[in-house]
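This report concerns only the one structure given below.
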2 protein chains.
Amino acid sequence: MFQNNVMERLMQSVKININDNIYVKDPESSALGKRIVKESILMINEMGFECFTFKKLGIKIASNESSIYRYFENKHKLLLYLTSWYWGWLEYQLVFATNSMGNSTEKLKKAIEIVTKGTEEDSAFSHINEVLLNKIVINEYSKSYLTKEVDAENKEGYFVIYKRLVTRLSDMIRAIDVDYPYPSSLASTILEGSLHQYFLMDHFPTLTDCHQINDPTVYFQNLVFSVLKP
Amino acid sequence: MFQNNVMERLMQSVKININDNIYVKDPESSALGKRIVKESILMINEMGFECFTFKKLGIKIASNESSIYRYFENKHKLLLYLTSWYWGWLEYQLVFATNSMGNSTEKLKKAIEIVTKGTEEDSAFSHINEVLLNKIVINEYSKSYLTKEVDAENKEGYFVIYKRLVTRLSDMIRAIDVDYPYPSSLASTILEGSLHQYFLMDHFPTLTDCHQINDPTVYFQNLVFSVLKP
DNA sequence: AGTATATGATAGTAAAGCTATTAATTTTGT
DNA sequence: ACAAAATTAATAGCTTTACTATCATATACT
């Protein structure tokens, strides 16, 4: 696709801006940092977040456990970093694709498509594998906020990118139907619900009707345009 | 409420049937087992699932760590037990309240009310505090299935009660609109989405429109009856 | 060449997540 | 009432996780 190509080239020159306090040292600032990010994505994907440790990662990247700690305080912060990057990347795609659109119905339709479609291709331009990262978000994102420290971490701004994404969606919903009383709830339902539907497709297929053809995108587009009265 | 009273009395004589393999020894079969369940609910609620340990629980109930291991293999299994109990309890309420209803629209409306309303009163008839257990489900349920072991544990039947609940809801949706193509997805969205909206109300109020008056129940009832065409 | 700075190697600590063994207590069957 | 059986408690110990601290080495910068 032409658009994808343009997108890929553009993404090369754009750095996703992540809250400084999530990392000790910016992993984008060195080769080791990038290797940490790259390989952690592979490992978390393979063994799951609970089994993943900095020690194992150190062995995998032939580096030292203590060196990893110089980039991230702990694996929870690394997860916050990875998921923030993912949401920032999605946000960028969303803004890029919908910015120039005039028709607000088409705009919202496109927006839902972007945030609910599965990631199928790796851009191959950064050290980050977006396909695997998408899988990590599906399987682990909830764990990044379902903690006793949410409120403190939220105050620190660790979830700003995600919140901005929900707000953008919510604004687009409002643009279509000012009288709909739940634009934010609907926006958050789309984002969270989409991850959940993908999880169900993989592990509890009887609890979802989504599959290759009728995917989460169609489900949510249908849902949203049924509730909204333009 | 009359209904609640009847319900409470009825619940006394009903035991929620949980898959044998979730526990080593049935906690309902002894005083120690009941104390384990009762106090673990308080502790998980207070300190969160990650900080909760069997050692701490042992100290709290003035018993021994190793004694707790005779009831549950590990804290993950205990979480599976607690959440299964919760879903079983909800299922019971759902069936009890909707069984005799003739009008399928009213039935689904009631069903949504039951599964999405916050638990506000403790029945005081069992050692289980349903209000706190509801909070645990909101904050920790996802962690019980977002693991590398889901498929194996699903095969063991550890999630049957939850799946049955989704199916019941899904059937009620189908009863209203046979042509709606996503009854299971909608049912799972209601259950999961409702927990999520409660979480947002507590920690990310800007991402939801739900609050005391416009609660998740009204949001989901509105959503569901907008998509379905009877 | 000299000095920051980043990385690596090694060691060590506290707590988590168990298992095993033995002792004490409670329950139960006759 | 008493012995046998089952449960629970106490203690110890083991491996792994999640770090922290220290010192050595490499590399880069001026």
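Just so it is clear: chains get the letters A, B, ... in the order the sequence lines come, proteins before strands, and each one is counted from 1.
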Inset, instruction - Pull out every residue in residues 31-57 of chain B that has a heavy atom closer than 4.0 Å to any atom of DNA chain D, ordered by number, or say none. - result: Leu32(B)
Listing, residues 111-119 of chain A side-chain donor-acceptor contacts under 3.5 Å, not counting sequence neighbours, or none:
{"residue": "Thr116(A)", "atom": "OG1", "partner": "Ile112(A)", "partner atom": "O", "Å": "2.6"}
{"residue": "Thr116(A)", "atom": "OG1", "partner": "Thr217(A)", "partner atom": "OG1", "Å": "2.8"}

Inset, instruction - Could you list where the contact with chain B starts and ends along DNA chain C, reading 5' to 3', using a 4.0 Å heavy-atom cut-off? - result: dA16(C) to dA20(C)
Inset, instruction - State, yes or no, whether a side-chain contact exists between Lys34(A) and Val37(A) at a heavy-atom distance under 4.5 Å. - result: no
Inset, instruction - Compare side-chain N and O positions of Ser30(B) against OP1 and OP2 of dT8(D) and report whether any pair is under 4.0 Å apart. - result: yes
Inset, instruction - Indicate the ring-plane relationship of Phe72(B) and Tyr23(B), choosing parallel, tilted or perpendicular according to the 30° and 60° boundaries. - result: perpendicular
Legend entry - 4.5 Å side-chain heavy-atom contact, Ile16(A) and Trp87(A): no
Solution key, residues 125-133 of chain A side-chain donor-acceptor pairs under 3.5 Å, sequence neighbours excluded:
{"residue": "Ser126(A)", "atom": "OG", "partner": "Ile128(A)", "partner atom": "N", "Å": "3.0"}
{"residue": "Ser126(A)", "atom": "OG", "partner": "Ile128(A)", "partner atom": "O", "Å": "3.4"}
{"residue": "His127(A)", "atom": "NE2", "partner": "Glu28(A)", "partner atom": "OE2", "Å": "3.0"}
{"residue": "Asn129(A)", "atom": "OD1", "partner": "Val131(A)", "partner atom": "N", "Å": "3.0"}
{"residue": "Asn129(A)", "atom": "OD1", "partner": "Leu132(A)", "partner atom": "N", "Å": "3.1"}
{"residue": "Glu130(A)", "atom": "OE1", "partner": "Ser123(A)", "partner atom": "N", "Å": "2.9"}
{"residue": "Glu130(A)", "atom": "OE2", "partner": "Ser123(A)", "partner atom": "OG", "Å": "3.2"}

Inset, instruction - Would you mind reporting whether Ser40(B) and Met43(B) have side-chain heavy atoms less than 4.5 Å apart? - result: no
Legend entry - OP1 or OP2 of dT8(D) under 4.0 Å from side-chain N/O of Lys25(B): yes
Inset, instruction - Return each pair, listed once, that meets salt bridge (charged side-chain N to carboxylate O under 4.0 Å, His left out) where at least one residue sits in residues 76-89 of chain B; pairs must be two or more places apart or across chains. - result: Glu73(B)-Lys77(B)
Inset, instruction - Would you tell me if any nitrogen or oxygen in the side chain of Ser63(B) comes within less than 4.0 Å of OP1 or OP2 on dT8(D)? - result: no
Legend entry - Close side-chain approach of Cys51(B) to Glu46(B), heavy-atom, < 4.5 Å: no
Legend entry - Centroid separation Tyr141(A) to Tyr86(A) less than 6.0 Å: no
Legend entry - Asp202(B) bridged to Lys135(B) by N-O distance under 4.0 Å: no
Inset, instruction - Nearest whole angstrom, please: distance from the P of dA9(D) to the CD1 of Ile68(B). - result: 9 Å
Inset, instruction - Mark up nucleotides 20-30 of chain D, 5' to 3', with B wherever a protein heavy atom is under 4.0 angstrom from a base atom, S wherever such an atom reaches only the sugar-phosphate, and - elsewhere. - result: BB---------
Legend entry - Below 4.0 Å: OP1/OP2 of dT7(D) and any side-chain N or O of Tyr71(B): no
Legend entry - Carboxylate-amine/guanidinium proximity below 4.0 Å for Glu50(B) and Lys143(B): yes
